[in-house]
Peer 1: 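Can you keep this structure in mind? I'll have questions shortly.
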Amino acid sequence: MGDIIFEDFNVNFETRKQNVKSVRDMNLTIKSHKITGIVGESGCGKSVLSLSILGLLPDYAKTSGNIYYDNKDITALANRVREKYLGREFGYISQNPSESLSPIRKIRKQFYESLDLVEKNKAEIEKKSIEILKELGFEKPLEVLDKYPFQLSGGQQQRVLTGIAISSSPRWIFADEPTKGLDENIKKDSLELFKKLRSFGIDSTLVITHDIDFAKNLCDEVMVMYSGQIVEMGIDVLDNPKHPYTKGFIESMPSKGMKIMEGKTLSPTEDIRGCRFANRCGCKTKRCDLESPKLYNYENSQVRCFLYDKGE
Amino acid sequence: MKEYIIEKVKSIFIVLVGISLLSFLLGVVSPGDPAELSLSKYGYSPTPQEIEARRVEMGLDKPIHIQYINWVKNILKGDFGKSFSTKENVTDMIIRKAPVTFKLAMYSIVITSVFGISLGVIAGINKNKPIDNLIKLITNILFSLPTFWLALLFILIFSEKLGILPTSGDGGFKYMIMPAVSLSLITMSTTAMVMRSSMIQEFGKQYYTFAKAKGISKYDLYIKNVLPNAILPVLTILGNFFGSILGGSAVVETIFALSGIGSYAVESVFSKDFPYLQAYVLLTGLAFVLVTSLVDILIIIINPKIRLKGDIYE
Ligand SMILES: Nc1ncnc2c1ncn2[C@@H]1O[C@H](COP(=O)(O)OP(=O)(O)OP(=O)(O)O)[C@@H](O)[C@H]1O
Ligand code: SF4
Ligand SMILES: [Mg+2]
């Protein structure tokens with residue numbers, strides 16, 4: 001119960017000129033009661049993947065396939081029903097904190113609104129929001145509540161978003177780059193916070209991040225996404241990468257020497273027969289251009305690369 | 001905030017000087033001799049001596065810039081001169097007629113805002129659904145119909161056929177309904193269209209996605225989160241519409257025989273009553289500039305980012 005299961009799931013953004021395929025043939029289970037990380041370069045489809053679980057893709061996005069949650073295909077639900085999951089089952093911390101709050105409303109209103117889902121008593125709402133903001137490292141929560149978003153720094157906005165998302169105690173939290181733009185100290189606090197989300201009644205977390213160390217320290221399982229697909233997933237992916245892309249991606253991190261990977265990512269508009277990483281891959285073989293690799297089990301991981309196809 | 005308002009007041013002043021110059025020049029370039037026109041009565045032609053004396057009396061022998069300064073001085077004293085046609089003080093005429101136009105404009109702006117904003121919000125929320133298409137259709141039709149035609153249609157239906165509303169004349173609320181409605185339908189439609197697209201534009205913003213993800217009610221989402229943001233551009237056009245409503249009211253007042261400042265302005269064009277026309281242009285221009293500036297300031301007041309500039313936390 002509580003797992004999120006993708007079945008042949010695709011997301012396309014069609015325009016007159018082109019068809020951007022942001023998520024491709026996704027078959028994937030994101031396990032509940034765990035903290036799962038998604039890493040991958042910009043534009044690989046991380047945000048779109050999480051928005052499609054929430055049902056928050058823009059209405060011109062075309063999707064196909066299914067997403068199951070609690071044994072129900074949530075993509076088949078009427079909007080009205082599906083929206084009931086928001087805040088109650090699924091909480092969301094969106095990507096750009098400076099654009100994620102209404103610019104002309106005080107934090108108080110935007111915060112209370114969310115708590116209102118679970119608590120009707122005004123005094124209790126205030127008490128709870130102060131508690132949460134304190135947990136999040138704000139020393140003077142009442143002052144923060146009386147600010148407008150633009151009066152807070154990026155890090156403060158980020159924490160406010162987190163506070164709002166967790167305040168209604170959803171079962172899942174989807175956090176899109178919650179540490180972006182935070183300085184090292186606050187990042188540490190943020191790590192601690194995400195580790196103890198369970199104490200807020202949240203038992204499953206999906207966190208999208210560019211920060212490998214953050215993912216390593218936080219996540220039970222990590223998925224690596226490339227060009228709309230999961231290319232590798234497992235419990236020690238970042239310590240023991242197998243997929244050529246994962247290896248290159250880790251080496252390109254500032255903390256790991258910042259060795260920029262050669263070549264350019266295939267455009268999401270382009271469909272090819274073979275492996276989507278083949279044009280940049282140093283281990284490429286003939287087969288890689290002819291066939292598209294599946295996720296193969298290898299040691300603790302699943303890897304989308306023929307090097308790990310043991311012909312099962 | 002303070003600087004903003006000072007800047008605003010400065011620019012208002014400059015615009016006002018511009019408008020006053022324009023309306024003054026209107027009198028100068030107008031065909032006919034003002035001194036002669038001011039003396040002419042029905043069936044009476046003044047002698048050249050009389051005209052010459054009047055010219056001096058009116059200061060028309062002075063250089064043009066002196067004339068302008070004198071004209072402005074008089075206006076500041078509340079003196080717009082005498083009407084060529086009625087020989088009455090223009091100021092008195094305006095004071096008598098302005099309330100009718102003011103009432104008409106107010107009713108129209110209320111109809112424009114209330115219906116325009118509501119329809120736009122409903123359409124935006126229901127983008128591409130039947131209700132949206134219906135609203136789009138109606139507003140498009142209304143938008144493309146000329147005001148005078150609508151006014152005549154209304155008279156035909158509600159006065160001639162159904163006999164429930166009076167055709168013309170000044171009176172209570174009943175007399176204002178048809179003029180105000182016909183005057184506001186175009187601006188109302190435009191307001192609805194702008195409101196709709198402004199709502200839709202907000203739906204593409206990240207704060208909308210985040211607010212929606214909170215799982216709050218539709219009312220909280222659309223009315224408390226989106227509307228205050230979406231309405232800002234609409235306020236600006238509402239201010240601008242005040243101008244088109246004032247202009248349009250000349251036509252509507254004429255059709256419905258309302259004795260406002262607008263219907264007489266139309267007459268004054270034909271009767272070459274330039275003192276009145278100058279006053280009309282100047283005052284409606286002034287009203288327009290004041291209203292749009294007030295709206296600008298209102299928007300600044302609503303927007304905390306400008307209001308609280310520099311007041312950053314920690
Ligand atoms: N609303 C949209 N309309 C059109 N294309 C979109 C839209 N949202 C995303 N895309 C496209 O889908 C692809 C994946 O985008 P996505 O935002 O999921 O990337 P990401 O992995 O989250 O990147 P980042 O790390 O920069 O946030 C990109 O090619 C992007 O251009
Ligand atoms: S399948 Fe081939 S091209 Fe793709 S990553 Fe593996 S070796 Fe490289
Ligand atoms: Mg993203």
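Small disclaimer: the values here were computed from a predicted structure and weren't measured. Throughout, protein chains are lettered first and strands after them, A, B, ... in sequence-line order, and every chain is numbered starting at 1.
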Peer 1: Excluding sequence neighbours, so at least two apart, what forms side chain to side chain donor-acceptor pair (under 3.5 Å) with A/Asp70?
Peer 2: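 Per chain and number, A/Asp70 pairs via side chain to side chain donor-acceptor pair (under 3.5 Å) with A/Arg171.
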Peer 1: For each of A/Gly55, A/Ser102, A/Gly87, tally heavy-atom pairs with chain B at distances under 4.5 Å, and name the one with the top tally.
Peer 2: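 Going by pairs under 4.5 Å, I would pick A/Ser102.
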Peer 1: More than 12 foreign heavy atoms under 6.0 Å from CZ of B/Phe115: is that the case here?
Peer 2: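 No, CZ of B/Phe115 has 12 or fewer neighbouring heavy atoms, counting only those of other groups under 6.0 Å.
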Peer 1: Would you please say whether a donor-acceptor pair under 3.5 Å links the side chains of B/Thr101 and B/Glu253?
Peer 2: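 Yes, B/Glu253 and B/Thr101 have a side-chain donor paired with an acceptor closer than 3.5 Å.
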Peer 1: Kindly indicate whether the side chain of B/Val234, heavy atoms from C-beta on, has any atom under 4.5 Å from the side chain of B/Ile117.
Peer 2: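 Result yes, sub-4.5 Å side-chain heavy-atom pair found.
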Peer 1: Looking only at the side chains, is there a donor atom on one of A/Thr269 and A/Gln18 sitting less than 3.5 Å from an acceptor on the other?
Peer 2: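 A/Thr269 vs A/Gln18: no donor-acceptor pair found between side chains.
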Peer 1: Select one option (side chain, backbone, both, neither) describing which atoms of A/Pro103 are under 4.5 Å from chain B's heavy atoms.
Peer 2: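 When you check distances to chain B, atoms from both the backbone and side chain of A/Pro103 fall under 4.5 Å.
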Peer 1: Which pair of non-hydrogen atoms, one from B/Leu246 and one from B/Ala105, has the smallest distance, and what is that distance?
Peer 2: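 Between these two residues, the closest heavy atoms are CD2-CB, 4.5 Å.
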Peer 1: Are any of the side-chain nitrogens in A/Lys187 or A/Glu184 under 4.0 Å away from the carboxylate oxygens of its partner?
Peer 2: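 A/Glu184 and A/Lys187: salt-bridged.
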Peer 1: Is there a side-chain contact between A/Ser114 and A/Ser168 (heavy atoms, below 4.5 Å)?
Peer 2: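 A/Ser114 vs A/Ser168: side chains touch.
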Peer 1: Within the structure provided, determine whether A/Leu197 and A/Ile35 are in side-chain contact (heavy-atom separation under 4.5 Å).
Peer 2: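 With C-beta onward as the side chain, the pair stays apart.
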Peer 1: For A/Tyr92, is it the side chain, the backbone, both, or neither that has a heavy atom closer than 4.5 Å to a heavy atom of chain B?
Peer 2: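 Both backbone and side chain.
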Peer 1: Under 4.5 Å, heavy atom to heavy atom, which residues of residues 226-233 of chain B contact chain A?
Peer 2: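 The stretch touches chain A at B/Pro228, B/Asn229.
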Peer 1: Answer yes or no: is there a side-chain heavy-atom contact under 4.5 Å between A/Leu56 and A/Phe174?
Peer 2: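 Heavy-atom side-chain distance check fails, nothing below 4.5 Å.
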Peer 1: Count the heavy-atom pairs under 4.5 Å between each of A/Lys109, A/Lys106, A/Arg105, A/Gln110 and chain B, then report the option with the highest count.
Peer 2: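 Highest number of pairs under 4.5 Å: A/Arg105.
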Peer 1: On a heavy-atom basis, which atom in B/Leu235 and which in B/Val295 lie closest, and how many Å separate them?
Peer 2: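 B/Leu235 and B/Val295 have their closest heavy atoms at O-CG1, 3.2 Å.
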Peer 1: So for A/Leu161, is it side chain, backbone, both, or neither that comes closer than 4.5 Å to the heavy atoms of chain B?
Peer 2: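 It is both, since atoms from each part get that close.
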Peer 1: Where on A/Ile104 is there a heavy atom nearer than 4.5 Å to chain B: the side chain, the backbone, both, or neither?
Peer 2: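 For A/Ile104, the contact with chain B is made by backbone and side chain together.
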Peer 1: Please state whether the rings of A/Phe90 and A/Tyr85 are parallel, tilted or perpendicular, taking 30° and 60° as the class boundaries.
Peer 2: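 Rings of A/Phe90 and A/Tyr85: tilted, 30 to 60°.
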Peer 1: Mind jotting down which residue pairs meet the side-chain hydrogen bond (donor to acceptor under 3.5 Å, both in side chains) criterion with at least one end in residues 122-143 of chain B? Sequence neighbours excluded, please.
Peer 2: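 Listed once each, the pairs are B/Asp132-B/Arg196.
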Peer 1: Only heavy atoms, only distances under 4.5 angstrom. Which residues in residues 201-224 of chain B are near chain A?
Peer 2: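 Listed by number: B/Gln206, B/Tyr207, B/Thr209, B/Phe210, B/Lys212, B/Ala213, B/Lys214, B/Gly215, B/Ile216, B/Lys218, B/Asp220, B/Lys224.
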Peer 1: Counting heavy-atom pairs closer than 4.5 Å to chain B, which one of A/Ile164, A/Leu54, A/Leu51 comes out on top?
Peer 2: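 The candidate making the most pairs under 4.5 Å is A/Ile164.
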Peer 1: Using non-hydrogen atoms and a 4.5 Å limit, figure out which bit of A/Leu101 sits close to chain B: side chain, backbone, both or neither.
Peer 2: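 Both backbone and side chain.
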